[in-house]
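Sequence positions, counted from 1, serve as the residue numbers for this chain. Keep in mind it's a predicted model, so treat the numbers as computed, not measured. One-based numbering, in listed order, for ligands and for the atoms of each.
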Amino acid sequence: MPQGCPWGSATVNNTDPYSAPPETGMTRFYDFTISHAVIKPDGVEKNGVVINGAFPGPTIEANWGDWIQVTVHNALENEGTSLHWHGMRQLATPWFDGVPSVQQCPIAPGSTFTYRFKADTYGTSWYHAHYSAQYSGGALGPLIIYGPKHADYDNDVGPVLLTDHYHQDYIKVVEQVMAPISAKLPPPLSNNNLINGKMNYPCSSTKNVCTPNAGVSKFSFQSGKKHRLRLINGGAEGIQKFSIDNHQMTVIANDFVPIQPYTANVITLGVGQRADVVVEATGKPTDAVWMRSNLGKAFPAGCNLVDGVSPEAVAAIYYEKADQTAIPTTQSSASPAEIAFCGSDALTKTTPYYPITPDAHPTTTKDIDIELKSNGTHNLWYMDGSTFRADYNDPVLLEAKLGNTSFPPTWNVHNFGSDKTVRLVVYNHFTLGSHPMHLHGHDVFVLAEGFGKWDGSVVNPSNPQRRDVQLLQAAKDDNTPAYIVIQIEMDNPGVWPFHCHIAWHMSGGLYINVLERPADITNANIPGVIAQTCRDWATWTGGHTPDQIDAGL
Ligand SMILES: [Cu+2]
């Protein structure tokens with residue numbers, strides 16, 4: 001895969017990526033079982049959540065225009081689950097986006113659910129569980145969709161999955177996040193950092209059962225050739241800073257959006273973000289070098305909540321004549337200043353390859369403030385004055401299908417009616433951390449970012465950056481918030497989560513639902529299997545009481 005161009009004559013240049021996708025007539029079938037297992041990706045044993053026994057889960061591959069069909073068996077004893085296909089637009093299948101309380105009920109323990117959706121865009125992404133912070137326990141994997149090329153390269157090296165790593169099981173971490181203020185617990189700190197699920201760890205730093213020298217991931221380069229790497233931040237919290245010793249990278253895509261190539265020394269990825277880079281193997285045939293992904297220093301000197309033992313993941317790159325048993329001895333090409341900067345590359349640098357000019361006069365413009373506030377007992381996240389809490393038993397989409405447009409306040413539903421274009425000015429008032437803001441069902445235009453109050457100016461107004469996760473930096477001080485301005489073409493009727501992708505912030509309610517064109521939802525033919533998830537969930541919860549330890553997503 002791919003063989004030839006099953007998507008026909010479409011190129012990155014000649015085809016609007018948001019028009020109807022091609023039809024290849026092919027379906028890619030996958031069968032996943034989600035279960036608990038003891039895992040030790042860095043040699044340290046912990047209770048994880050695995051797919052088909054493995055962390056990371058299997059890589060899903062398809063061509064642009066294929067259908068992807070994934071049957072999911074929930075073999076967890078006492079938790080619901082679901083899978084979300086990050087960045088897929090789910091055109092005409094908004095019920096298969098995979099978010100409990102939004103488009104379906106959780107898949108009950110012992111139950112099976114089958115997702116089927118079109119590969120309606122192409123590039124690099126990932127899938128992950130969307131029930132509580134379950135994905136941070138390991139229920140995730142790469143999702144690669146092959147499509148037309150706009151940059152030259154020889155070898156597709158495949159996914160390079162970057163995940164911050166915790167030695168406690170995810171429920172323990174969530175319990176720490178959600179502890180009452182009176183418990184005076186610090187925020188959880190990540191313990192390690194992994195590339196494709198591997199890294200070493202100094203066993204003297206843990207009380208868990210630990211095997212030293214677990215090993216790192218290995219990659220192959222051919223001298224003189226160009227290699228495409230598909231970088232994915234599939235972590236829980238940390239901003240990753242990726243670099244390759246003695247090599248420059250050319251960025252060719254951000255998330256699912258091909259861009260005008262530009263060179264970079266360090267790639268910055270917030271949780272959920274991806275970058276496709278092309279690396280020319282300029283070394284000698286005998287070279288062995290490190291690739292690195294660094295979480296840097298802890299706040300406030302750096303960008304993340306790390307314990308400082310092993311924030312830098314490494315993987316070995318061996319050229320064709322290198323001794324593959326040798327450990328590389330190269331030094332990092334990333335400067336301390338590059339590692340310490342908590343924003344993305346400037347919007348002036350990231351220009352979509354297929355240009356689209358957003359509407360300068362959106363139907364609706366709305367300010368949304370993000371704040372961390374006490375509700376009396378707990379510190380929770382508020383968007384537009386309200387903290388989110390999922391109702392697993394009653395998906396918003398099924399209510400919208402019935403014509404219901406009034407919802408409990410804690411569902412945080414923002415009904416944009418039949419609006420054609422929506423502009424959101426999102427302010428972060430929190431001084432101690434950034435938020436990688438993710439919208440489901442869309443790429444968004446990113447019109448501007450900055451500090452203070454947005455002055456209305458737009459970066460590259462004829463063709464601004466588009467992507468599905470944008471980093472919103474920390475506020476400068478109590479009176480100077482950070483902001484991003486995004487714009488959404490309301491061309492995809494459905495209920496779409498808009499949230500921070502930091503698992504612990506989602507646990508604390510940093511989440512809203514965007515209700516898009518509800519009148520069109522009432523006419524949709526939602527498959528009966530969606531309502532069946534709710535009957536199965538009701539049956540299971542009839543005999544078990546799930547402990548909803550956080551906002552639910
Ligand atoms: Cu956040």
Side-chain angles (χ1 to χ4, degrees), residues 84 86 99 128 130 132-136 162-164 166 170 173-174 176-179 186-190 233-241 255 268-273 295-296 298-300 302-306 341-344 367-375 378-390 412 424-440 444 446 449 451 467-476 478 481-486 496-514 550-553:
H84 166 62
H86 186 112
V99 185
H128 60 83
H130 220 303
S132 185
Q134 204 172 61
Y135 86 83
S136 66
L162 313 172
T163 53
D164 52 15
Y166 296 73
Y170 91 86
V173 182
V174 171
Q176 184 175 345
V177 169
M178 298 304 294
L189 305 176
S190 62
N233 184 343
E237 188 267 341
I239 297 172
Q240 298 278 357
K241 294 282 184 174
D255 300 346
T268 301
L269 293 177
V271 175
Q273 292 187 310
L295 294 166
F299 287 119
C303 310
N304 300 312
L305 294 166
V306 293
F341 177 64
C342 303
S344 299
D367 289 0
I368 293 183
D369 292 300
I370 295 175
E371 299 160 285
L372 183 70
K373 290 195 300 197
S374 167
N375 70 346
H378 294 74
N379 282 321
L380 297 173
W381 291 98
Y382 290 74
M383 284 183 81
D384 197 31
S386 178
T387 189
F388 172 78
R389 190 164 176 88
N412 280 11
L424 300 178
V425 187
V426 187
Y427 289 98
N428 181 19
H429 296 272
F430 185 57
T431 54
L432 294 175
S434 56
H435 306 293
M437 297 303 297
H438 173 46
L439 178 67
H440 292 215
V444 298
V446 183
E449 62 173 351
F451 297 93
R467 66 188 313 172
D468 59 53
V469 183
Q470 178 67 21
L471 266 179
L472 169 57
Q473 290 194 58
K476 276 236 165 79
D478 289 345
Y483 65 80
I484 56 172
V485 184
I486 64 167
W496 303 115
F498 178 53
H499 62 86
C500 173
H501 217 302
I502 291 177
W504 323 131
H505 291 182
M506 251 191 295
S507 287
L510 209 172
Y511 177 103
I512 63 172
N513 283 304
V514 171
D550 63 4
L553 303 179

Neighbouring protein N, O or S atoms of the Cu ion (ligand 1) [cut-off: under 2.8 Å, no waters]: His435 ND1, Cys500 SG, His505 ND1
Minimum heavy-atom distance between Phe388 and Ala551, given as atom pair plus value: O-CB, 3.3 Å
Closest contact, heavy atoms only, Pro188 versus Val177: CG-CG2, 3.5 Å
Plane angle bin for His86 and His128 - parallel if under 30°, tilted between 30 and 60°, otherwise perpendicular: tilted
Salt bridge (Lys or Arg N to Asp or Glu O under 4.0 Å) involving Asp164 - partner list, sequence neighbours excluded: none
Side chain to side chain, Gln240 and Leu295, heavy atoms closer than 4.5 Å: yes
Close side-chain approach of His499 to Leu553, heavy-atom, < 4.5 Å: no
